[in-house]
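Worksheet: the structure to be examined is printed underneath.
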Amino acid sequence: MKVLKRIKWSAVLFNLIMALFMGVAGQAVGLNAYAVAGTVFTAGMVMPKEMKAVLPMAVQVEMWQSDFVENLFSDNPFMNYAFNGDEYVLKGKVVHIPVVGAKPTITKNNTSWPLTVTQRADSDIVYAIDFYSTGAIHIVDADKVELSYDKRQSVIEEESAALNETAGDWMLRDWFSKTVNGDTVTGSIVRTTGGADATAVAAHLPSATGNRLKFVKADLKAASVLMNKAKISKKDRYAIFDSEMISQLQDDPDLIKRDGVNGGEVNLKEGVIMKLYGFNIMERAEVLRFTNAATPVVKDPGAAGAATDNAGVLCWQKNCVEKALGEVKFFENVDDATYQGDVYSALLRVGGRIRRAAGVVAIVQAATS
């Protein structure tokens, strides 16, 4: 009895994408797009496994690298709302930004000669962007044959998600405080108040204990006022909350009254607050952690937790922070004799910095008894 071969839909989808790509490319040089696409798709479905393993690998690696970049910004949408420093990245590893010197002095109705000779002193901002790498993942040959799912695709997606989460954690940290060229630039801090009655809630960070003053909308207003006084543009302002602190904000009675009105600016049923006090509101599982010093100090992602840790909301104006994407590489050893299977790993270079201290404010929890 003949056994039908199980269809591998991921392979069909890949062949279809390749066929469409080659069809468009063929049309650009005068060939019939449909004929080229049909030929490529058919060949991809009937081609011996050994030949397939050789021909599309370079293209697959390029596609995976592209997916890593696409997923970086889809998993961390806040990164899209910053000054883009990509054009200043050298060799995928270093950001180099020329900075013009001071403006020339202008004199009205000059009566004194000779004129003072000056020279504009230009400078440079240079910083290495961080690189994030996965461990080498081994997929034994048996897994490729016996499992009912595409383990390679599953591994790649898991690596991408882990890279993106870590890169996002560090981007937010560097947007609040960063040392470049020996100078440390740090944003401002306001503390949560709990409102008029100083309402307290239980600390929610993993290692934190005790109570913290609840986040209320007046705290976000305080951050807005701070930026206004510093003459920061009111356009393109953003605030990113962790899930607990945005939930505290959603408890506000005035916001509850606005639920579903004004074109859905507040939709508490879906857990959405679009804009408040000029800030576009965003949410992430975790944003920033601070110490409980008199002037709280931001903690690095992955640092050991403490009972006194305080969560923070990050507020910024788009041109006051920067992100820069460098090289992205995906590595593979297919049918490695030593491991009797495939080995994969990935590397991502991405970094950022705070550009203007007055345009970045962290709203940090205040501890209470």
Side-chain angles (χ1 to χ4, degrees), residues 72-82 161-162 164-177 186-195 199-224 237-252 255 266-268 270-277 279-293 296-316 321 323 352 354 360-368:
L72 173 65
F73 296 108
S74 62
D75 292 348
N76 297 297
F78 66 87
M79 287 190 187
N80 293 304
Y81 306 111
N164 295 343
E165 181 180 2
T166 302
D169 291 343
W170 276 99
M171 185 69 72
L172 290 170
R173 187 254 181 267
D174 289 342
W175 279 4
F176 179 73
S177 182
T186 301
S188 303
I189 289 178
V190 298
R191 307 301 293 268
T192 56
T193 63
T199 302
V201 294
H204 65 271
L205 290 179
S207 300
T209 60
N211 295 321
R212 306 290 186 270
L213 291 178
K214 184 178 181 179
F215 188 101
V216 295
K217 70 177 189 297
D219 301 332
L220 189 63
K221 183 178 181 180
S224 175
R237 290 186 182 182
Y238 299 87
I240 188 164
F241 290 69
D242 69 30
S243 299
E244 287 286 345
M245 293 183 80
I246 199 168
S247 177
Q248 295 170 21
L249 176 62
Q250 290 167 350
D251 290 339
D252 186 276
L255 293 183
V266 176
N267 184 346
L268 298 181
E270 300 297 330
V272 174
I273 301 175
M274 294 178 62
K275 201 164 187 177
L276 188 62
Y277 294 119
F279 291 102
N280 297 285
I281 306 299
M282 309 181 76
E283 179 186 356
R284 195 171 188 265
E286 185 172 327
V287 179
L288 293 174
R289 289 183 297 153
F290 289 82
T291 66
N292 197 40
V297 177
V298 67
K299 299 183 70 170
D300 290 344
T308 54
D309 282 350
N310 295 313
V313 172
L314 186 66
C315 307
W316 74 94
V321 295
K323 60 93 177 173
I354 175 174
V360 177
V361 179
I363 305 173
V364 181
Q365 288 178 319
T368 184

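Checked against side-chain contact (heavy atoms from CB on, under 4.5 Å), Tyr81 has the following partners two or more places apart in sequence or in another chain: Tyr238, Met282, Trp316. Scanning for side-chain hydrogen bond (donor to acceptor under 3.5 Å, both in side chains) contacts around Lys217 gives Asp252, Asp254, with sequence neighbours left out. In this structure Phe279 satisfies the ring-ring contact (aromatic ring centres under 6.0 Å, His included) test with no other residue, sequence neighbours excluded. Applying the salt bridge (Lys or Arg N to Asp or Glu O under 4.0 Å) criterion to Asp242, with sequence neighbours excluded, gives no partner residue. Partners of Glu244 under the salt bridge (Lys or Arg N to Asp or Glu O under 4.0 Å) rule, at least two apart in sequence or in another chain, do not exist in this structure. Listed by chain and number, the residues in a side-chain hydrogen bond (donor to acceptor under 3.5 Å, both in side chains) with Thr166 amount to none (sequence neighbours excluded). By the side-chain contact (heavy atoms from CB on, under 4.5 Å) test, Ala82 is found to be paired with Trp175, Val321, Lys323, residues two or more places apart in sequence or in another chain being considered. For Pro296, the side-chain contact (heavy atoms from CB on, under 4.5 Å) partners at least two apart in sequence or on another chain are Ile189, Arg191, Phe290, Val364. Residues satisfying the side-chain hydrogen bond (donor to acceptor under 3.5 Å, both in side chains) test with Ser188, not counting sequence neighbours, are none. Annotation: salt bridge (Lys or Arg N to Asp or Glu O under 4.0 Å) contacts of Asp219 (sequence neighbours excluded): none. Partners of Tyr277 according to the ring-ring contact (aromatic ring centres under 6.0 Å, His included) rule, which considers only residues two or more places apart in sequence or in another chain, do not exist here. Partners of Ala306 according to the side-chain contact (heavy atoms from CB on, under 4.5 Å) rule, which considers only residues two or more places apart in sequence or in another chain, are Lys299, Thr308, Asp309.
The CG atom of Asn310 lies 13.5 Å from the CD1 atom of Ile363; values are rounded to the nearest 0.5 Å. With rounding to the nearest 0.5 angstrom, the CG atom of Asn280 is 11.0 Å from the CZ atom of Arg237. Here the OG-CZ distance, from Ser247 to Phe215, works out to 12.5 Å after rounding to the nearest 0.5 Å. Atom CZ of residue Arg212 and atom NE2 of residue His204 lie 9.5 Å apart, to the nearest 0.5 angstrom. A distance of 5.5 Å separates CG of Asp169 from CD of Glu165, quoted to the nearest 0.5 Å. Put simply, CG on Leu288 and CZ on Phe176 are 7.5 Å apart, with the number rounded to the nearest 0.5 Å.
No donor-acceptor distance shorter than 3.5 angstrom exists from the side chain of Thr192 to the backbone of Lys214, with no hydrogens or angles considered.
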